S.K.: 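Attaching a single structure in structure tokens format; questions to follow.
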Amino acid sequence: MEHVDLAILGAGAAGLFCAGSAVAQGRRVLVLDHASKPAEKIRISGGGRCNFTNLASEPSRFISANPRFCASALARFTPTQFVDLVDRAGIAWHEKTLGQLFCDGKATQITGMLLQRMGGAELRLGCGVNGVSHAGDRFQIATDAAQLSAASVVVATGGKSIPKMGATGIGYEIAQGFGLRCHDTDPGLVPMTFAEQDLALCKPLAGVSVEARIRHGKASFQDALLFTHRGISGPVILQISSFWKPGETLTVDLAPAVDIAAALKAQKGVAGRIAAATALAKFLPERLAQAIAAELGLGAARLADQPNKLLDRLGKRVNQWQLRPVGTEGYRTAEVTLGGVDTRDLDARTMQARKVPGLHFIGECVDVTGWLGGYNFQWAWASADAAGRAA
Ligand code: FDA
């Protein structure tokens, strides 16, 4: 049987980064993945340009049953440290908005950098992992090819998102096999699906984009909302999807900077002869203004002829649109998986299972999920570095 110091299961963002950190500690490392290429999600991330970190990677930007768990790893491997690696690799980058850093060129430059950083670690692709068990003081790994023996194992097999790209959820099975607790999983950062009456408004507006604020419980995000043929999408919808549960209602403000009822009432006195839809179009994209005015039966009606009560309704429709999604597109298109390995069973400094010395869990399979904007990769790097130094 083949013996290694450290077997890393999964050659995604977290697995590759962990290999580099472990090699730097002088460990003999083998990275296994059933895919034919490493880090396929990095390739497609950030629209092909990889939003590789976020400068504001604080614990408050992550969702977890134990919100402080990620603090230690995030503090010990920071976005600036990752940027240093990117700079040293000569990869050009830019800040888009809100601390989000993207490559100027292709996302695969990041994968190239991670592979280079792995140095002497062996990467074995096309090798599926079927399970891990204890054999004395070592671990036995069942793969498609053969059994392997390792002194330490890092599970970096990701979540259930995008099964077409190789996601299996085996990390949760391995955790449960060793008696670790797991939280139920859900798709996160995922487009939502809408009922027929909402689609009737959305479909004809396909292509229209508006800056919107969406509130749901304590969560609130402001970013672009995009009308599509299938409903509503855009970053603000992906963000709120991670906080939404079936049956719940979202409050959408399509003009966060303006109290629409008050603005229209003010205009009524000075420019009452214009159509209500035209008045509304000062604050919203024209097609959206027309659609909402028509929905309330205003069409070409003069603003001056509208009772304040109707303008209040129009204002509410724009500033407090009550939207009840029927579901999400699920793991098929979700960028991440919420839930996973319960952090109460992991050591926050090393990502090691408290009751199983030598067994570590990192990246997306752990119950730590970032907001949209580079946070999930920063968690992958930080948790991987914590485990790679310790394993
Ligand atoms: P990841 O899923 O990357 O890797 C897991 C690896 O394990 C895979 O290579 C898989 O093949 C392998 N594996 C699974 N089961 C196996 C088995 N049984 N045997 C062997 N191998 C197995 N985040 C961000 O911060 N910025 C961004 O720009 C984006 N953009 C983005 C776009 C899209 C379309 C998606 C789907 C996701 C993003 N993300 C993102 C999220 C980001 O990609 C994600 O958080 C990380 O890839 C998670 O890294 P992991 O290494 O934990 O899992």
Side-chain angles (χ1 to χ4, degrees), residues 7-19 30-54 57 61-63 79 82 93 96 99-103 107 110-111 114 123-132 141-145 148 153-174 187-191 235 238 242 329 331-338 340-341 351 360-384 387-388:
I8 298 176
L9 315 183
L16 296 185
F17 201 72
C18 183
L30 173 65
V31 186
L32 301 169
D33 201 299
H34 62 173
S36 58
K37 289 184 188 151
E40 277 294 84
K41 281 192 184 164
I42 293 181
R43 184 177 58 80
I44 60 161
S45 66
R49 294 197 189 276
C50 188
N51 179 191
F52 54 80
T53 192
N54 192 301
S57 292
R61 305 298 164 94
F62 294 83
I63 303 164
F82 194 79
W93 55 272
K96 205 171 168 190
Q100 302 170 16
L101 305 191
F102 285 76
C103 297
I110 297 291
T111 310
L114 300 181
L123 174 61
R124 200 170 294 170
L125 297 169
C127 181
V129 173
N130 301 318
V132 180
I141 301 155
T143 76
D144 292 344
L148 300 168
V153 171
V154 173
V155 181
T157 46
K160 296 181 182 172
S161 310
I162 321 216
K164 247 187 171 173
M165 296 191 75
T168 61
I170 192 174
Y172 314 123
E173 289 166 34
I174 296 172
L189 301 180
V190 61
L238 297 188
S242 294
E329 291 186 3
Y331 293 118
R332 188 177 62 80
T333 60
E335 286 200 8
V336 287
T337 303
L338 295 155
V341 178
M351 302 292 135
H360 304 247
F361 292 84
I362 59 172
E364 194 174 322
C365 68
V366 178
D367 173 35
V368 174
T369 307
W371 292 3
L372 187 76
Y375 300 105
N376 285 296
F377 279 140
Q378 187 58 34
W379 170 246
W381 319 135
S383 59

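Read the numbers this way: they start at 1 and go in the same order the structure lists the ligands and their atoms. Since we're looking at a predicted model, the values are computed, not measured. This chain uses plain numbering: 1 for the first residue, then up along the sequence.
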S.K.: Give the residue and atom name of whichever protein heavy atom lies nearest to atom 4 (O) of ligand 1, and the separation in Å to one decimal.
M.R.: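 Result: G12 CA, 3.3 Å.
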S.K.: What protein heavy atom sits nearest atom 44 (C) of ligand 1, and how far off is it?
M.R.: E364 OE1, 3.3 Å
S.K.: Is the shortest distance from a heavy atom of S161 to ligand 1 less than 4.0 Å?
M.R.: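 Under 4.0 Å: no for S161.
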S.K.: Could you pull out, from F377, Y375, Y331, the option with a heavy atom nearest to atom 43 (O) of ligand 1?
M.R.: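 It is F377 that holds the nearest heavy atom.
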S.K.: Name all pairs fulfilling the salt bridge (Lys or Arg N to Asp or Glu O under 4.0 Å) condition that reach into residues 362-375, sequence neighbours left out, sorted by first residue then second.
M.R.: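 Pairs touching residues 362-375 that pass the test: none.
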S.K.: Tell me the nearest of R49, H34, K160 to atom 20 (C) of ligand 1, using heavy-atom distances.
M.R.: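 Nearest heavy atom to atom 20 (C) of ligand 1 lies in H34.
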S.K.: To which protein heavy atom is atom 31 (C) of ligand 1 closest, and what is the distance rounded to 0.1 Å?
M.R.: E335 OE1, 3.4 Å
S.K.: Check each atom of ligand 1 against the heavy atoms of G128 and keep those under 4.0 Å away; list them by number with element.
M.R.: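 The atoms of ligand 1 under 4.0 Å from a heavy atom of G128 are 19 (N).
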S.K.: Would you indicate which of G158, G166, A334 comes nearest to atom 53 (O) of ligand 1 when only heavy atoms are counted?
M.R.: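 Minimum heavy-atom distance to atom 53 (O) of ligand 1 goes to G158.
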S.K.: Answer yes or no: does an N/O atom from A14 fall short of 3.5 Å to an N/O atom of ligand 1?
M.R.: yes
S.K.: Assign the ring pair Y375 / F62 to parallel, tilted or perpendicular, where the plane angle (0 to 90°) is split at 30° and 60°.
M.R.: perpendicular
S.K.: Would you check the N or O atoms of A380, main chain and side chain alike, for any that come under 3.5 Å of an N or O of ligand 1?
M.R.: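 No, no N or O pair falls under 3.5 Å.
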S.K.: Checking a contact table here: which protein heavy atom is nearest atom 2 (O) of ligand 1, and how many Å away?
M.R.: K41 NZ, 3.6 Å
S.K.: Between N51 and Q100, is there a donor-acceptor pair closer than 3.5 Å when you use the side chain of the first and the backbone of the second?
M.R.: no
S.K.: Over 60° means perpendicular and under 30° means parallel, so tell me whether F377 and W381 are parallel, tilted or perpendicular.
M.R.: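 Rings of F377 and W381: parallel, under 30°.
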S.K.: Students should be able to answer this: which protein heavy-atom is nearest to atom 29 (C) of ligand 1, and at what distance?
M.R.: S45 CB, 3.6 Å
S.K.: With T168, which residues qualify under side-chain hydrogen bond (donor to acceptor under 3.5 Å, both in side chains), at least two apart?
M.R.: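 For T168 there are no side-chain hydrogen bond (donor to acceptor under 3.5 Å, both in side chains) partners, ignoring immediate neighbours.
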S.K.: Using a 4.0 Å cutoff against the non-hydrogen atoms of I170, which atoms of ligand 1 qualify?
M.R.: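 Answer, ordered by atom number: 15 (N), 18 (N).
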S.K.: Which atoms form the tightest heavy-atom contact between A19 and V31, and what is the distance?
M.R.: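 Shortest heavy-atom separation between A19 and V31 comes out as CB-CG2, 3.7 Å.
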S.K.: For T168, counting its heavy atoms only, list the atoms of ligand 1 lying under 4.0 Å from any of them.
M.R.: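 The list of qualifying atoms is 14 (C), 15 (N), 16 (C), 18 (N).
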S.K.: Please work out, at 4.0 Å between heavy atoms, whether the side chain, the backbone, both, or neither of N51 comes within that distance of ligand 1.
M.R.: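 It is both parts that get close, each with some atom under 4.0 Å.
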S.K.: Ligand 1 versus I162, non-hydrogen atoms closer than 4.0 Å: side chain, backbone, both, neither?
M.R.: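 The side chain, only.
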S.K.: Suppose we measure from atom 34 (C) of ligand 1 to each protein heavy atom; which comes out shortest, and what is that distance?
M.R.: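 For atom 34 (C) of ligand 1, the nearest protein heavy atom is I44 CD1, 3.4 Å.
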S.K.: For atom 5 (C) of ligand 1, which of G370, G171, A156, G10 has the closest heavy atom?
M.R.: A156
S.K.: Is it true that a side-chain atom of S161 and a backbone atom of V336 form a donor plus acceptor pair closer than 3.5 Å?
M.R.: yes
S.K.: Do ligand 1 and V129 have nitrogen or oxygen atoms that lie under 3.5 Å from each other?
M.R.: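 N/O-N/O distance under 3.5 Å: yes.
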S.K.: For atom 49 (O) of ligand 1, find the nearest protein heavy atom and state the residue, atom name and distance (0.1 Å precision).
M.R.: A13 CB, 3.9 Å
S.K.: Give the atom numbers and elements of ligand 1 that come within less than 4.0 Å of a heavy atom of N376.
M.R.: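 Ligand 1 atoms under the 4.0 Å threshold to N376: 23 (N), 25 (O), 45 (O).
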S.K.: Considering only NZ, NE, NH1 and NH2 on the basic side and carboxylate oxygens on the acidic side, decide whether E40 and K37 come within less than 4.0 Å.
M.R.: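 Not counted as a salt bridge, because no side-chain N and carboxylate O are separated by less than 4.0 Å.
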S.K.: Only heavy atoms count here, so choose which of V31, D33, L238 is nearest to atom 11 (O) of ligand 1.
M.R.: D33
S.K.: Counting N and O atoms only, with roles assigned by atom type, does the side chain of W379 sit under 3.5 Å from a partner on the main chain of G363, one being a donor and the other an acceptor?
M.R.: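 Confirmed, W379 side chain pairs with G363 backbone.
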S.K.: Can you name the nearest heavy-atom pair linking L16 to P38, along with the distance?
M.R.: CD1-CB, 4.2 Å
S.K.: Is a side-chain N or O of S242 found less than 3.5 angstrom from the main chain of L189, in a donor-acceptor match?
M.R.: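 It does hold such a pair.
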S.K.: Which atom pair, heavy atoms only, marks the closest approach of T369 to T337?
M.R.: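 Shortest heavy-atom contact: OG1-O, 3.3 Å.
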S.K.: Starting at OH of Y331, measure out to CD1 of I162 and round the result to the nearest 0.5 Å.
M.R.: 12.5 Å
